[in-house]
2 protein chains.
Amino acid sequence: MSDLLERLRGRGWRMTAQRRVVAEVLDGEHVHLTADEVHARAAAKLPEISRATVYNTLGELVSLGEVVEVSTDKRAKRYDPNAHRPHHHLICARCGSIRDVHPTGNPLADLPASERFGFTVSGVEMTYRGLCPDCAALV
Amino acid sequence: MSDLLERLRGRGWRMTAQRRVVAEVLDGEHVHLTADEVHARAAAKLPEISRATVYNTLGELVSLGEVVEVSTDKRAKRYDPNAHRPHHHLICARCGSIRDVHPTGNPLADLPASERFGFTVSGVEMTYRGLCPDCAALV
DNA sequence: AACTTGACTTGGACTAAGTCCAATGTAGGA
DNA sequence: TCCTACATTGGACTTAGTCCAAGTCAAGTT
């Protein structure tokens, strides 16, 4: 987990207690938390941390490429700390739970030039949807 | 455009002026509008239509499968009326403009059983990201 | 054509998620 | 130790969307 902190320090991040706990929360579990969940977990370690700081820090981590935003159908964005390994997502349409998945194939190669409309294409996200075992059992 | 209205009527939709203008707005242009943009265009034809009705109607069209929700990075969801033809999206990271694209390949087949975690997988969305020609010219 | 009724619409209050900002605090270099 | 540019705070604000009780109306029935 100090890997992440080292990388950030190496990039000129001023290291504060707030940034440290946010980084630790994200680095600690490979689940996909909302900003509010990150705030709650961070506040457990550093009670006076503000929501604004959590949003700021998450935004910085995203632009540094350390964390990826995932938009599910639910309203709140989720933050995926597993940004260093390329992967895609499988989301339960009912409960919103997310798994990281690794499909075979190369989806970027599947978009021919004629379908690019002059865009400079830099990446692709695949979002598989379905029902998780628990939710499927309820239906 | 009356295709859509016919289909809806055939499914037992009670046809009201409000639903008609919303359907017409979506059916009229193949752009990807936000709920507020749909409301604005609908209100141009039927000034007293309320936002709640637009949201209700969009929600119904989505659950009927006539329209697809697209979550970009921006906050508001966009509504894609081109639901009858399977396709994916190419989004400009800068201005948020969206194009429909048709990649080759079968992404569902690219997710092996070992990567499904017991989920019942029902679909997949591919979101290509990059810069549109206009935005690329600005950088 | 008038009646009936349950589905539809309305507007306004409410909630959730996120942004902004002026005042205050502090990490890290000199 | 001091300085200062960068970071944090909390609270107001905005945006996007939901909810609901009251009123309206489409379409089937007579």
Side-chain angles (χ1 to χ4, degrees), chain A residues 5-6 8-26 32-64 66-80 96 98, chain B residues 5-6 8-26 32-43 45-64 66-80 96:
Chain A
L5 294 178
E6 287 314 315
L8 294 171
R9 215 187 298 265
R11 301 218 214 180
W13 240 38
R14 178 177 290 187
M15 190 52 59
T16 65
Q18 291 81 351
R19 288 176 166 183
R20 183 167 16 249
V21 299
V22 170
E24 283 173 4
V25 165
L26 287 171
H32 303 79
L33 301 171
T34 62
D36 260 11
E37 288 164 350
V38 172
H39 178 245
R41 282 166 158 74
K45 303 182 177 201
L46 186 67
E48 65 278 20
I49 192 171
S50 77
R51 292 187 339 110
T53 297
V54 171
Y55 277 105
N56 288 344
T57 306
L58 288 172
E60 288 155 11
L61 288 169
V62 168
S63 45
L64 288 172
E66 293 290 346
V67 163
V68 172
E69 276 181 7
V70 186
S71 302
T72 70
D73 284 344
K74 313 285 178 187
R75 301 236 300 231
K77 287 176 192 162
R78 296 183 166 271
Y79 292 87
D80 183 345
I98 307 182
Chain B
L5 294 178
E6 287 312 316
L8 294 171
R9 216 188 297 266
R11 301 219 213 180
W13 243 37
R14 179 177 289 187
M15 191 50 60
T16 66
Q18 290 82 351
R19 288 176 165 183
R20 182 167 17 250
V21 298
V22 170
E24 284 174 3
V25 165
L26 287 170
H32 303 79
L33 302 171
T34 63
D36 259 12
E37 288 165 349
V38 172
H39 179 244
R41 283 169 158 72
K45 303 182 177 201
L46 186 68
E48 65 279 20
I49 192 171
S50 77
R51 291 186 341 106
T53 296
V54 171
Y55 277 105
N56 288 343
T57 306
L58 288 172
E60 287 154 12
L61 288 169
V62 169
S63 44
L64 288 172
E66 293 289 347
V67 162
V68 172
E69 277 181 8
V70 186
S71 301
T72 70
D73 284 344
K74 313 286 178 188
R75 299 238 300 230
K77 288 175 191 163
R78 296 183 168 271
Y79 292 87
D80 182 345

Net bend of the helix from C:dA1-D:dT30 to C:dA30-D:dT1, end axes of five pairs each, nearest 10 degrees: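 Angle reported: 30°, given to the nearest ten degrees.
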Could you run down the sub-3.5 Å N/O contacts of the protein with nucleotides 15-19 of chain D?
| from | atom 1 | to | atom 2 | distance (Å) |
| --- | --- | --- | --- | --- |
| D:dT15 | O4' | B:Arg75 | NH2 | 3.3 |
| D:dG17 | OP1 | B:Lys77 | N | 3.2 |
| D:dG17 | OP2 | B:Tyr55 | OH | 3.0 |
| D:dG17 | N7 | B:Arg51 | NH2 | 3.0 |

Distance, rounded to the nearest Å, where [X] contributes [atom1] and [N] contributes [atom2]:
| X | N | atom1 | atom2 | answer |
| --- | --- | --- | --- | --- |
| A:Lys74 | C:dT15 | NZ | C1' | 16 Å |
| A:Glu37 | C:dG18 | CD | P | 11 Å |
| B:Leu8 | D:dA27 | CG | P | 12 Å |
| A:His39 | D:dG11 | NE2 | P | 12 Å |
| A:Glu69 | C:dA17 | CD | P | 15 Å |

N/O (side chain, A:Gln18) to phosphate O (OP1/OP2, D:dT9) under 4.0 Å: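 Checking D:dT9 against A:Gln18, a side-chain N or O does come within under 4.0 Å of OP1 or OP2.
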According to salt bridge (charged side-chain N to carboxylate O under 4.0 Å, His left out), who are the partners of [X], at least two apart in sequence or on a separate chain?
| X | result |
| --- | --- |
| B:Arg51 | B:Asp36 |
| B:Arg20 | none |
| A:Lys45 | A:Glu24 |

Set out, line by line, the N/O atom pairs under 3.5 Å between protein and nucleotides 28-30 of chain C.
| from | atom 1 | to | atom 2 | distance (Å) |
| --- | --- | --- | --- | --- |
| C:dG28 | OP1 | A:Met15 | N | 3.1 |

Pair A:Gln18-A:Val22, side-chain contact (heavy atoms from CB on, under 4.5 Å): steps then yes or no: CA-CA 6 Å; A:Gln18 291 81 351; A:Val22 170; 5.7 Å; no
